[in-house]
Every structure is written in C-alpha cells, then in structure tokens.
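Right, one structure below, let's go through it.
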Amino acid sequence: METIQHSLEQAFTKAIHAAFGVAADPLITVSATPQFGDYQSNAAMGLSKRLAAGGTKTSPRQIAEQVIANLDLGKMVDAPLGTRDIAGPGFINIRLSPSWLAGRLDEISRDPRLGVPRASAAIRTVVDYSGPNVAKQMHVGHLRSTIIGDAISRVIEHLHGAENVIRQNHIGDWGTQFGMLIAHLRHGTGNSPSVEGASVTPESHIADLEEFYRQAKKRFDEDAAFQDEARKTVVRLQSGEPAERDAWQKIVLETRRDYQPIYLRLNVKLREEDERGESFYNPFLADVVNHLKQKGLAVESEGATVVFVDGPDKPPMIIEKTGGGYLYATTDLAGVRYRIQELHAKHLIYTHDSRQANHFRQVFDTARKAGWAGNDVQLDYTPFGTMLGADGKPFKTRSGDTVKLKDLLDEAEERGYQIAKEKSGSRGTDISDEQLKAIGRAIGIGAIKYSDLSKDRTSDYVFSWEKMLSMDGNTAPYLQYAYARTRSIQRKAGKTDSPPAGINLTQPAELILAKHILRFGEAIEIVARDLKPHLLCLYLYDLATKFSGFFENCPVIQSEEPIRASRLALCDVTARTLAQGLDLLGIEHPEQM
RNA sequence: GCACUCGUAGCUCAAUUGGAUAGAGCAUCGGUCUUCGGAACCGAGGGUUGCAGGUUCGAGUCCUGCCGAGUGCGCCA
C-alpha cells in the first residue's frame, strides 16, 4: 500500500510533466495548519525560476494553475482543485475527501502492516552499534548507541525485511589495552583477577577485572619500562602467540557474561552471533595496510604507516604504529571492506558518539579512495551527543563515577514498579505483584529508552527521572497509558459479533485522528531516510494526543450502532499503530497499567 | 591554533530534503465538568530562534563574520 504522500507525488509529477514537459519533484509536504488543507505542493515557485532560466517567464501562480488543470486526484478529493486552492506565492493546497479517507482507513485497519509500504528495492544494511569494551562493565556511555542503533535497525528491518539488516556489535576485544592487561597479569600484582575460578560469580569477576584494569592503567601511565613491555605484548598477541591468546580469551569471556543480560533487559535485539569484535578483523589488517600502500594512499611517516586524509600538513590517520601493531582506524577500515565484500551490504550505518566524527570521516574517505566503498554503497555515520545530569555536566554518580548500566536499569525498574503499584492501588484493581513488576519494568525501561530516543540524537540531552516518568508530555508512560486506554475500551465493549460495517468519519476529532493514523507509513519512511528515531516518537506522541481528543469528544461504548462499531474500529487501529510504533522503538506496551 | 557539533519560551524539547502566523510538556495564572480509566478538559501570559550581515519569492533551517558552550586533533579506542 502506498502512502498518501507518495500517491500525491505521483499525481503531481505527472501533472507537472503534462503541463511543462519537465520532470520535477512536486515537493509535497503535510500542511502546517488545517486552514491550508491536509497536504500541499510547494513546487510552483521553484518551477517558475527553472522555466525562466529556460526562457519562459511564467509566474508561480500561473504555473500552479496549469498544474492543477492537468492534475487528476481521482476520489482522493471531493472536487477537482481550483484557483481557490492556490494560495500565497503559489502553494497548492489539497484537502482530502472525508469519505475517501474513511475508505482508506478501512483498508488500513485490515492491513497487518498498517499501511507501511515495504521498500521498493530492498537494500542490505549493516548497523554498527553498542560496542562495549572488554574488561569493563557497560556504563551509561554505551546506552545511547545501544538503544538508538537498535531502534534504527528495527525501522529498517520493517521496511527492507529482517533478512536485509545485519547487526554488528563491534566490541572492544582487541588493541593496545590488552598488552597492558596481559603484561600486568603476567607480572603479578597480588591482586590478579581470578579468571579461572569457577566458584566466583560472574559479577564479581567483572568487578575484579575492572579493578585490575585500573591498576594496569596506573602502572602503564607511570612506568616507562612497563609501557614498553605492554607494547611488545600486544605485538605477540596480534601475531597469535598461544600464551597471550589464552589470557586474552579468558578476559573476553568474562566480559560477555556481563553485557548479554543487559541487552535482554533493554529489549535490544543484539545477540552473540551479531558480535564481530575488533579481534575478528585481525587476520585482515596486514592486507588492508598493504592495499593502501599499493594504492599510494598509505605512506611511511615518522616510523609509522599513515594516510594523509586531509593533506600533508594536517595530522594523518595512523594505520600501523612504529614497531608494528594496528589501530582502531585499521580495524574499522577492515570492517568497511568486510561488510561490503563479504556481507554484501550496500548501506553501512555507524551509531557512535559524536566525538568519533573525525575518525569516521577519515575512515569513510579512505574506504572510498581505496575502492572498497563504491558509488553504490551508502556510508552513514549517525552521531549522538552526551547524556548530561541535571547540572548540565556529563551524567555521573554523586561521587563522580560513571554510572553502571546495571545500576541504572535496576533503579528504572524499581521506580517503574512504584508507579505501577501506586496507580493500581489508587484504582483498586486486582493485579498480582508479579504483573506489577512486569508493568513496572515496561514503564521504567521504556522511560529510559524513550527519553533518549525522543530527542534529536545529534544534541546532548539532560537525563531526568522525573521528566521521563511523567504521565504528561512526550514520554513513554504517556504513550503506554494511551495504549492501555484503547485496550481498556475494547475490553469493556466486549466481543462484537458483527464485523465492523466500515469506518465513518463524521466528527472533527475522528477526522483528525484518522488523518494522522494514515500518516504512519510516511513517518516510518522519514525515520529511515534521516535515521532519526525521535521523528517516530513525535509521530506517536501526536497520535496519542489526537486519540485523547477523540476520546474526549466521541463516546464509544455509549454510542449507537453503527457509530459504535466504527469508533471501536478506530480505537483498534489506533492501538495497533501505537503498538507497532513502540515495537519499532523497542519499547514494551502492557495491555493495562 | 585548526576542525566538527550545538545555541529556539523561565525549564526540558519539537518544527518532514528552505515553505505560509515557530509548536508541545512542565512551571505560572484563570476557568470547567456527578467521570466509556480524574492519570481530565478549556483558556491566558510567556519568542528580535545568541548577535550582525548575505543569498532567496520565502531562512530557526543555507553562506560569511562575531559571541558563547561542547568535542576532537601521530603512535589509546
């Protein structure tokens, strides 16, 4: 099923071509205010200029007139457009027919995809996100990448099919820090992590490793001889020495036990098979460097092998260190090549924080010049800002430490549980404690994810429990509540034997809600185009708000048939759209709250 | 020093590849309703979109300069 916007685009493109013999984007957008109708075409002004450049001077309004004279919108409108639909400098306003909208909504109510079209040509996409580090617990620094990357993946899956989206968890399981860690392990400190002790719980393992990491780092920073030893150890590890590899593997396994449960709690789809850590690319790195050398892109400089991406006078990208050893630029280059050549991806997306902007710009630029990423491959870096505390500084614990993700999720679930308990108590309903905990999880985890996803990812955002758990405004609980209300109405209405006789839109609030439901596909397409989940949040918030308006003004259960059936159907499509939207964000939606 | 990102109402955030009169929530103030889930509704005030130019029929959005905040910048990732 096509979106309304796309149908209008086709009709207008045809009309423009018929009138002027040119192909032009009709620039169809949703109208800002109802007085200008539902959609508008903004093409006439630009077209006037374009035709003037070709020697034909025509005013935008005249152009608009000729466009609508050639326009056939069929039953989408009650009457063909006329001069009264041309406004301002040459906007063409389109007011859709209520009966056509009702018929359309009827179709969508029977469509499992709710009017969201599949991509016309499926494109295989790799999404790189999360990327926790070995020997460390996940902390809030990983949160945004993990949930934004997952939401982007889900949306693209919905359009291009799950088989065309490959998640890649580029974990930090390789690199210089392992030289430090292994060297520190070998020298012994009296505080070595008990990486072999089966009697030790996974949690305490990780806690030990973190302390161990701190000690190793301290020693590395203070002791020049130790630094040298660490560098040599990395080289031995990277050339596959068994002793080093053994120590390394133990550390990796311990870390994995920490982050997989976190993904499950976050309702994030990353699994162990999505893992392609830095170590995975180890066998390809020498070849990557050789290839770049052969292409003349990589050169020796001050003992290292580098690519002067920005010219000889600017700091280069280092791909091999003095004395051997590769860096994360080399690994990412190998990743680009692997994803294109082996995974056959045509679209690579990297969801990492904005501090990596320069890094990815250099990697992409080099991958293009090296010939790995051709013109048929799209490379996207989708950066995001920092999570801030109420004080406007990076989010930390009161003592100034980074917040562990596990602790954050514990608190979210507890706060969600308290809300669920309080609300159910005030309503006097009978819900088991187990159910309350499940609802509390949905609320708490949903709130954390939604408060992040609902903001434009490029800017920093302020973390606030109070705001994200509010029942008012653009929050997860508000949307979850709206969903629960739709389901509550349906439950109260009981089973209706007769299938809905069709949807009728008579009240303004019904029409407003219906029009918005019909835009779901457009919203999803925009999210996929801009890779910005907050636009989906915005759509869902508007949907919930418009449902609320409908709910206030249009009695459902108390209405007479056939209005009752029509409104129940409206509730049902609303519910399913909310549910589908929240699913695409990876946020749960309990049947009752 | 160079580069990138950002600057919108008191606060937190929107504004569909440049479109018409810049919108929500919170907070503030005023009002309404014997409720299909009060976790309600209606209304008001609040803006020179950091500043100054420029491009355009049209700029919060694009360009230049300045101010302010953040981030990155040869052997960590």
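Lettering of chains follows the sequences in order, A, B, ..., and the numbering in each one begins at 1. Side chains included, hydrogens not; waters and symmetry mates left out as well; all remaining heavy atoms used.
Once the 5.5 Å centre distance and the 30° plane angle are applied, the aromatic ring of A/Phe551 is found stacked with the base of B/rC36.
Between A/Glu561 and A/Arg567 no salt bridge is recorded (no basic side-chain N to carboxylate O distance below 4.0 Å).
The side chain of A/Ile489 has B/rC36 as its nearest neighbour among B/rU17, B/rC36, B/rC13. Distances from the side chain of A/Ser459 to the nucleotides B/rG74, B/rC75, B/rA14 place B/rA14 closest. For A/Glu302, the listed nucleotide lying nearest its side chain is B/rC75; candidates were B/rC75, B/rG72, B/rU12. The side chain of A/Phe308 lies closest to B/rG74 when the candidates are B/rG74, B/rA15, B/rC36. With B/rC75, B/rC36, B/rA39 as the choices, the nucleotide that has an atom nearest any side-chain atom of A/Gln558 turns out to be B/rC36. Comparing B/rC36, B/rA14, B/rC41 by their nearest atom to the side chain of A/Val556 picks out B/rC36. Closest contact between the side chain of A/Asn358 and the listed nucleotides B/rG72, B/rA14, B/rG74 involves B/rG72. Considering only the side chain of A/Leu538, B/rA15 comes nearest among B/rA15, B/rC4, B/rA39. Taking every side-chain heavy atom of A/Val306 into account, B/rG74 is the closest of B/rG74, B/rC13, B/rG72. Between B/rU71, B/rC4, B/rC75, one nucleotide has an atom nearer to the side chain of A/Ile318 than all others, and that is B/rC75.
Comparing A/Val30 and A/Tyr478 by the nucleotide of RNA chain B whose heavy atom lies nearest to each, the residue mapping closer to the 5' end is A/Val30. Mapping A/Ala329 and A/Leu535 onto RNA chain B via the closest heavy atom, the residue that lands nearer the 5' end is A/Leu535.
A/Lys532 pairs with exactly one of A/Thr458, A/Thr382, A/Asp456 by the side chain to side chain donor-acceptor pair (under 3.5 Å) rule, that one being A/Asp456.
Classified by interplanar angle (parallel below 30°, tilted 30° to 60°, perpendicular above 60°), the ring pair A/Phe463/A/Trp465 is perpendicular. Ring pair A/Tyr539/A/His516 is parallel by interplanar angle, where below 30° counts as parallel and above 60° as perpendicular. Using cut-offs of 30° and 60° on the angle between ring planes, the pair A/Trp248 and A/Trp174 is perpendicular. Under the 30°/60° scheme for interplanar angles, the aromatic rings of A/Phe284 and A/Phe280 are found to stand perpendicular.
Taking atom C1' on both nucleotides, B/rU8 is separated from B/rG25 by 16 Å, rounded to a whole Å. Using P as the reference atom, B/rG7 and B/rC63 are 13 Å apart when rounded to the nearest Å. Between B/rG68 and B/rA27, the distance separating the two C1' atoms is 27 Å to the nearest Å. Comparing the C1' positions of B/rA20 and B/rC11 gives a spacing of 30 Å, expressed to the nearest Å. Separating the C1' atom of B/rG46 from that of B/rA40 is a span of 25 Å, rounded to the nearest Å. For B/rC42 and B/rU61, the C1' atoms lie 34 Å apart once the distance is rounded to whole Å. Distance check on atom P: B/rA15 versus B/rG60 gives 15 Å, rounded to whole Å.
As a whole-Å value, the separation of A/Asp25 CG from B/rU16 C1' is 13 Å. At whole-Å resolution of the value, CZ in A/Arg485 and C1' in B/rA39 are 8 Å apart. Counting to the nearest Å, the C1' atom of B/rU12 and the OH atom of A/Tyr461 are 12 Å from each other. If you measure from atom NZ of A/Lys314 to atom P of B/rC4, you get 9 Å, rounded to the nearest angstrom.
Between the side chains of A/Glu591 and A/Tyr483, at least one donor-acceptor pair of N or O atoms lies under 3.5 Å.
At the phosphate of B/rC76, OP1 or OP2 sits under 4.0 Å from a side-chain N or O atom of A/Lys321. OP1 or OP2 of B/rC36 has not a single side-chain nitrogen or oxygen of A/Ser559 nearer than 4.0 Å. Phosphate proximity of B/rA15 to A/His534: present, with a side-chain N or O under 4.0 Å from OP1 or OP2.
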Are there any protein N/O atoms within less than 3.5 Å of an N/O atom in nucleotides 7-10 of chain B, and if so, which ones and at what distance?
none

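Aromatic rings from A/Phe364 and A/Tyr381 are positioned such that their centres are separated by 6.0 Å or more. Taking the six-membered ring wherever Trp is involved, the centroid distance between the rings of A/Phe360 and A/His352 falls below 6.0 Å.
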With side-chain hydrogen bond (donor to acceptor under 3.5 Å, both in side chains) as the criterion, how do A/Ser279 and A/Asp173 come out once you've worked through the C-alpha distance, each side chain's angles and the decisive distance to 0.1 Å?
CA-CA 6 Å; A/Ser279 65; A/Asp173 65 351; 2.7 Å; yes
Given the rule in the side chain to side chain contact (heavy atoms under 4.5 Å, CB included) test, do A/Gln227 and A/Met180 qualify, once you have shown the distances and angles that lead to the verdict?
CA-CA 7 Å; A/Gln227 280 182 32; A/Met180 177 180 92; over 6 Å; no
Counting primed atoms, P, OP1 and OP2 as sugar-phosphate and everything else as base, the B/S/- map of nucleotides 19-28 of chain B against protein heavy atoms under 4.0 Å is BBB--SSS--
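Evaluation of atom-type donor-acceptor distances gives a pair under 3.5 Å for the side chain of A/Ser301 against the base of B/rG74.
A/Thr574 contributes a side-chain N or O that, together with a main-chain N or O of A/Leu570, makes up a donor-acceptor pair within less than 3.5 Å.
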